Number of protein chains: 2
Amino acid sequence: MFELLHKKINEIISLTDEEFNYCRTAFTPRKLRKRQYLLQEGDVGKYQAFVEKGLLRSYKIDDKGVEHILQFAPEGWWVADLYSFFTDEPSSFNIEALEDSEVLLINKSSWDMLLQNVPKFERYFRVLLQNNLVATQRRLMGSLSETAEEKYLKYTQTYPDCMQRVPQHMIASYLGITRETLSRIRKQLSEKK
Amino acid sequence: MFELLHKKINEIISLTDEEFNYCRTAFTPRKLRKRQYLLQEGDVGKYQAFVEKGLLRSYKIDDKGVEHILQFAPEGWWVADLYSFFTDEPSSFNIEALEDSEVLLINKSSWDMLLQNVPKFERYFRVLLQNNLVATQRRLMGSLSETAEEKYLKYTQTYPDCMQRVPQHMIASYLGITRETLSRIRKQLSEKK
DNA sequence: AAATAACTGTGATCTATATCAATTATTTTT
DNA sequence: AAAAATAATTGATATAGATCACAGTTATTT
């Protein structure tokens with residue numbers, strides 16, 4: 001159950017067996033069925049989730065009722081509403097399993113304890129955030145400068161595995177375009193090459 | 001020279017005098033004249049900069065030659081190309097002073113030493129990154145769901161001080177719209193109210 | 001295996017914002 | 001204070017992508 005987490009942590013910091021055994025106790029495993037929600041808009045995002053198996057997405061619904069996907073989280077990724085988690089404010093995000101999934105949940109107090117007892121974890125999370133920030137900045141710059149087609153090609157090339165597991169209209173929502181536009185782009189691409 | 005940095009660090013972690021004195025040695029002060037560059041596209045971003053005085057921006061130029069502003073950095077903010085800083089790859093960003101400014105620079109090896117000698121800094125940077133990530137995610141979601149007018153109102157309300165110090169066409173570039181569109185939006189807003 | 005629900009494709013039309021082009025402020029430099 | 005550079009405004013026109021509407025597929029559920 002904790003193999004992938006262990007492996008991922010080890011890529012960034014090295015833990016003694018004792019430290020990792022303590023770490024285990026901080027998490028609660030949970031299984032999710034396809035379409036099950038880990039967090040719904042309006043609730044407080046009490047957990048950060050590490051995905052051991054399956055695939056989740058976090059998204060938000062705007063004033064006009066349109067969904068916008070912030071993140072897909074396949075195996076080995078973290079997903080949460082960080083703002084809600086750290087402030088205890090109600091979340092504006094939804095987090096939903098797109099496949100039957102297994103996640104490891106950590107709540108705020110366990111997380112605080114973990115950092116206190118194994119300070120190396122400050123570094124682990126710092127590195128994760130750093131990488132996530134760089135990727136999010138790229139996505140933002142791209143969303144301001146690229147055409148719909150460029151975005152589509154970029155993300156299917158960057159996350160080919162993940163994009164294949166996800167329905168097209170969600171890819172569109174992730175890219176910030178409509179499903180109709182994405183459908184037309186795919187048609188064009190298949191015709192020209 | 002180090003007052004603001006000291007104050008800002010203290011908001012997140014508490015340092016002994018000894019620790020802060022060590023911290024000082026990690027930074028090099030630098031004055032920048034208006035329009036002077038701290039980093040140019042193609043060079044490696046060797047420093048993270050803390051702004052003690054003045055105002056900088058980081059931006060990127062896309063394939064069509066259009067500028068896109070990632071960040072304005074007034075007093076108390078950090079600015080850098082994190083990707084280039086951590087990987088030593090050439091940067092695709094430019095960082096330019098928009099006013100005469102004073103910054104504190106820290107290079108990679110000093111930064112590594114600082115984290116090694118004062119591990120509390122892991123937490124300081126983790127918290128900075130966390131806040132930055134949340135803000136960048138918001139900006140991304142906004143860029144996908146809001147109209148040009150909504151974006152304009154949101155950012156002038158969120159950063160009123162900063163937005164007033166910056167020429168209009170740069171606000172437009174930050175929002176991801178053209179200067180013409182911004183000009184028309186401002187006209188409408190001034191007419192209707 | 002039907003029935004239902006979820007997803008994808010395609011045409012017709014609309015719209016917010018971009019682009020192009022020229023004019024008028026406003027700063028900055030000499 | 002004039003000249004030069006930079007920034008902002010305004011009009012006319014173009015366009016990428018949105019919206020609407022419906023038909024055809026593919027998955028799930030009963």
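As the structure is a prediction and not an experimental result, all values here were calculated from the model. Here is how names work: the chains are called A, B, and so on, in the same order as the sequence lines, proteins then strands, and each is numbered from 1. Hydrogens, waters and symmetry mates play no part in the numbers below; they use all other heavy atoms, side chains included.
Nearest to the side-chain atoms of B:K34 among the listed nucleotides C:dT17, C:dT28, D:dT9 stands C:dT28. Side-chain atoms of A:P167 lie closest to C:dT8 of the nucleotides D:dG17, C:dT8, D:dA8. Which of D:dT28, D:dG17, C:dT19 sits closest to the side chain of B:E180 comes down to C:dT19. Here the side chain of A:R184 is nearest to one of C:dT19, C:dA12, C:dC7, namely C:dA12.
Where A:E146 and A:R179 each meet DNA chain D at their nearest nucleotide, the meeting point lying more 5' is that of A:E146. The nearest heavy atom of DNA chain C to B:G176 and to B:R35 marks one nucleotide each, and the one closer to the 5' end goes with B:G176.
Residue B:T178 places no side-chain N or O under 4.0 Å from the OP1 or OP2 atom of C:dT17. Side-chain nitrogen and oxygen atoms of A:Q168 include at least one within less than 4.0 Å of the OP1 or OP2 phosphate oxygen of C:dG9. OP1 or OP2 of D:dG17 has not a single side-chain nitrogen or oxygen of A:T181 nearer than 4.0 Å. Note on B:H169: a side-chain N or O is less than 4.0 Å away from OP1 or OP2 of D:dA8.
Summarising the geometry, the separation between CD on B:E99 and P on C:dT27 is reported as 14 Å, rounded to the nearest angstrom. At whole-Å resolution of the value, CD1 in A:I177 and P in C:dA16 are 20 Å apart. Atom CZ of A:R33 and atom C1' of D:dT29 are 12 Å apart (whole Å). Rounded to an integer number of Å, the gap from CG of A:L144 to P of D:dG17 is 14 Å. Atoms CD1 (A:I185) and P (D:dT15) sit 18 Å apart, rounded to a whole Å.
A cation-pi geometry, defined here as NZ or CZ lying under 6.0 Å from the six-membered ring centre and within 45° of its normal, does not hold between A:R165 and A:F72. Relative to the ring axis of B:F125, A:R123 does not place its NZ or CZ within 45° and under 6.0 Å from the centre.
Contact annotation for A:L182: no contact, since no heavy-atom pair falls under 4.0 Å across all strands.
Exactly one of A:K34, A:R57, A:R33 qualifies for a salt bridge (charged side-chain N to carboxylate O under 4.0 Å, His left out) with A:E96. That residue is A:R57.
Other residues, nucleotides and ligands contribute more than 12 heavy atoms inside 6.0 Å of the CD atom of B:E11.
Taking 4.0 Å as the cut-off between side-chain N and carboxylate O, B:R24 and B:E19 do not count as a salt-bridged pair.
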